[in-house]
Amino acid sequence: MPLANTAIVTGAAQGIGRATAERLAADGLHVACADIQDTERTVKSIEAAGGSAEGVTLDIRSARDWSSAVDGLLERHGPIGYLANVAGVVNMISEDSVVGLTEEAWDHVIDTDLKGPWLGMRAVIPGMIDNGGGRIVNISSLAALRGLPNLASYSAAKGGVAALTRQAAFEYADRNILVNAIAPGTIDTPILGDITPEMKQANANSHLIRRLGRPEEIASMVAYFFREGSFLTGLTYAVDGGWSAKGNF
Ligand SMILES: NC(=O)c1ccc[n+]([C@@H]2O[C@H](COP(=O)([O-])OP(=O)(O)OC[C@H]3O[C@@H](n4cnc5c(N)ncnc54)[C@H](O)[C@@H]3O)[C@@H](O)[C@H]2O)c1
């Protein structure tokens with residue numbers, strides 16, 4: 001049985017989520033562009049390119065939001081074949097060192113970056129099982145795999161995403177649900193905030209390929225997992241311009 005043609009992409013208002021929504025729509029999926037922010041710009045650009053999309057207002061931290069989004073999509077379009085858990089935050093509330101981090105900041109980052117993807121998987125997997133399968137990609141980070149400055153809550157959340165991805169892959173492979181994660185290097189999106197050109201260049205120089213990544217380069221890996229990766233599950237795959245391949249000199 002072919003997978004259902006509808007995909008949910010969270011974080012679709014901007015950055016990697018927007019590029020992913022546009023890419024999956026160009027590949028022929030109907031894309032539910034989910035975000036806590038308005039996704040009209042993404043939906044319009046998909047439709048202008050001849051694709052099919054709709055906006056869904058969703059706070060990924062809310063189980064209730066997830067069930068009403070999934071129920072609504074099931075009613076309008078039938079089963080959901082694909083989920084890309086892209087939405088995420090960095091800690092903008094406090095310092096993000098182990099000691100300097102506040103409880104409020106920890107809860108915000110863990111709720112968004114770890115609980116959010118779990119709630120998303122919990123919401124879609126039963127329908128995928130009923131429909132004969134599905135594909136899920138979660139966005140982790142290089143911070144899940146390497147120590148980096150001032151990313152304590154973020155690295156804990158993204159490490160959790162890598163572990164949860166492996167666990168979901170383990171539990172549902174025999175139901176034809178393949179679950180993988182991507183660990184991006186530094187990608188040029190609004191999440192970088194107002195960093196100076198010098199800091200941007202320093203980030204770019206961390207990669208063996210000495211530039212920042214582009215959102216489309218993560219989107220194309222999501223598309224690969226969804227359309228091609230028929231023998232891949234449980235991975236956290238680095239798309240990082242060679243950063244994780246670098247020696248320490
Ligand atoms: N840009 C990078 O360098 C980089 C590197 C590694 C991992 N990532 C991860 O990639 C993902 C996308 O990041 P980006 O760079 O596109 O960031 P971004 O800030 O440009 O986009 C994040 C999106 O998530 C949405 N979002 C935030 N909280 C939400 C919530 N509670 N519910 C629903 N939507 C919410 C935002 O509204 C926004 O549209 C994140 O998970 C991020 O941690 C980014």
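We count ligands from 1, going down the list as the structure has it; atoms in each ligand are counted the same way.
We find the CD1-CD1 distance between I191 and I16 to be 7.5 Å, quoted to the nearest 0.5 Å.
Note on L212 and M221: separate hydrophobic clusters, where clusters join Ile, Leu, Val, Met, Phe, Trp and Tyr whose side-chain heavy atoms are under 4.5 Å apart, directly or indirectly.
Relative to the six-membered ring of W118, R122 meets both conditions, a distance below 6.0 Å and an angle of at most 45° to the axis.
Contacts between K158 and ligand 1 below 4.0 angstrom, taking non-hydrogen atoms only, involve the side chain exclusively. Residue-level proximity to ligand 1 for T10 is absent, since no heavy atom of it falls below 4.0 angstrom.
Proximity to Q37 (heavy-atom distance under 4.0 Å) selects the following atoms of ligand 1: 36 (C), 37 (O), 38 (C), 39 (O). Atoms of ligand 1 found under 4.0 Å from any heavy atom of A13 (numbered from 1 in listed order, with element): 39 (O). With ligand atoms numbered from 1 in the order given, ligand 1 contributes 30 (C), 31 (N), 32 (N) to contacts under 4.0 Å with heavy atoms of D59. Each of the following atoms of ligand 1 lies closer than 4.0 Å to a heavy atom of P190: 20 (O). For ligand 1 and G15, the ligand atoms under 4.0 Å from any heavy atom of the residue are 16 (O), 20 (O).
Here the protein heavy atom with the shortest distance to atom 14 (P) of ligand 1 is T189 OG1, 3.4 Å. Here the protein heavy atom with the shortest distance to atom 33 (C) of ligand 1 is L58 O, 3.1 Å. Of the protein's non-hydrogen atoms, D35 OD1, 2.6 Å is the one closest to atom 37 (O) of ligand 1. Among all non-hydrogen protein atoms, the one lying nearest atom 7 (C) of ligand 1 is Y154 OH, 3.2 Å. Remark: minimum distance from atom 22 (C) of ligand 1 to any protein heavy atom is reached at G88 O, 3.7 Å. The nearest protein atom to atom 19 (O) of ligand 1, hydrogens excluded, is given as Q14 NE2, 3.2 Å; this is a heavy-atom distance. Closest to atom 1 (N) of ligand 1 among all protein heavy atoms lies I187 O, 3.1 Å. Closest to atom 40 (C) of ligand 1, if we only count protein heavy atoms, is V86 O, 3.1 Å.
Ligand 1 lies nowhere less than 4.0 angstrom from a heavy atom belonging to G213.
With hydrogens and angles ignored, the 3.5 Å screen pairs no side-chain donor or acceptor of N180 with any backbone N or O of V137. Side-chain N or O atoms of T39 include none that pairs as donor or acceptor with a backbone N or O of T42 at under 3.5 Å. A distance-only check finds a donor-acceptor pair linking the side chain of T10 to the backbone of A87 [under 3.5 Å]. Of the possible donor and acceptor atoms, none in the side chain of D38 sits under 3.5 Å from a partner among the backbone N and O of A13.
Salt-bridge formation is not detected for the pair D188/R211: no Lys NZ or Arg NE/NH1/NH2 atom is positioned less than 4.0 Å from an Asp or Glu carboxylate oxygen. A salt bridge links R214 with E217: the distance from a Lys NZ or Arg NE/NH1/NH2 to an Asp or Glu carboxylate oxygen falls below 4.0 Å.
Of the polar atoms of S140, none of the N or O atoms is found under 3.5 Å from an N or O of ligand 1, judged by distance alone. Between I139 and ligand 1, a contact under 3.5 Å exists for no N or O pair. The N/O atoms of G17, backbone and side chain alike, include none that comes under 3.5 Å of an N/O atom in ligand 1.
Classified by interplanar angle (parallel below 30°, tilted 30° to 60°, perpendicular above 60°), the ring pair Y237/F225 is perpendicular.
Side chains of I136 and M121 form a contact here, defined as non-hydrogen atoms less than 4.5 Å apart.
Each of I218, N85, I187 was scored for a side chain to side chain contact (heavy atoms under 4.5 Å, CB included) with I139, with one residue passing: I218.
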